[in-house]
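Single-structure report; data block below.
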Amino acid sequence: MDSTTLTILLFAQARDVAGQSAVELPWSSGTCDALRAALAAAVPQVAPLLGSCAVAVNQQVALPTTLVHPGDEVAILPPFGGG
């Protein structure tokens, strides 16, 4: 399978600590858990947050076992609250 680049959108605190709103990673396919590990390796400052963040794939909150394919829209969503 060919590897390609996957763009991961970062929001809120994840964006703030990374200093960027998107990260591009080489990606062929894998689960959301594998994606979290790859993101933590690529952007270590985001790693402490990832355990509490949701991962959205194609605008749907994904399970840790959800497969992520090249071309999918992926977003890291830190917890948020409102009053």
Side-chain angles (χ1 to χ4, degrees):
M1 183 174 284
D2 293 333
S3 178
T4 187
T5 301
L6 182 69
T7 301
I8 304 169
L9 304 175
L10 304 174
F11 291 93
Q13 191 177 6
R15 177 190 61 222
D16 293 345
V17 298
Q20 53 194 348
S21 60
V23 175
E24 291 189 357
L25 295 178
W27 190 258
S28 55
S29 69
T31 65
C32 283
D33 268 354
L35 179 79
R36 286 176 193 259
L39 180 59
V43 188
Q45 60 270 42
V46 175
L49 299 173
L50 291 176
S52 61
C53 292
V55 177
V57 177
N58 297 325
Q59 301 182 5
Q60 299 286 321
V61 175
L63 297 172
T65 56
T66 299
L67 289 176
V68 180
H69 303 284
D72 284 345
E73 179 183 282
V74 178
I76 301 298
L77 307 170
F80 60 92

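Nothing fancy with the numbering, it's 1 onward along the sequence.
Closest approach of Ala40 to Ala47, counting heavy atoms only: CB-CB, 3.7 Å. Between Pro70 and Ser28, the shortest heavy-atom contact is CD-O, 2.7 Å. Pairing each heavy atom of Cys53 with each of Pro78, the nearest pair is SG-CA, 3.6 Å. Of all heavy-atom pairs between Pro48 and Pro44, the closest is CD-O, 3.5 Å. Looking at every heavy atom in both residues, His69 comes nearest to Ser29 through ND1-CB, 3.9 Å.
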Between Val68 and Cys32, is a side-chain contact (heavy atoms from CB on, under 4.5 Å) present by the stated rule, with each step listed? CA-CA 6 Å; Val68 180; Cys32 283; 3.8 Å; yes

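Among Asp16, Leu49, Ile76, Val43, the single residue meeting the side-chain contact (heavy atoms from CB on, under 4.5 Å) criterion with Leu10 is Ile76. Each of Val55, Val23, Val74 was scored for a side-chain contact (heavy atoms from CB on, under 4.5 Å) with Leu39, with one residue passing: Val23. Of the residues listed (Thr5, Thr4, Leu35, Thr7), the one engaging Trp27 in a side-chain contact (heavy atoms from CB on, under 4.5 Å) is Leu35, and it is the only one.
We find the CG-CD distance between Leu9 and Gln20 to be 11.5 Å, quoted to the nearest 0.5 Å.
A heavy-atom distance below 4.5 Å is found between the side chains of Leu67 and Thr31.
Phe11 is not connected to Val17 by any chain of hydrophobic side-chain contacts under 4.5 Å among Ile, Leu, Val, Met, Phe, Trp and Tyr, and they are in different clusters.
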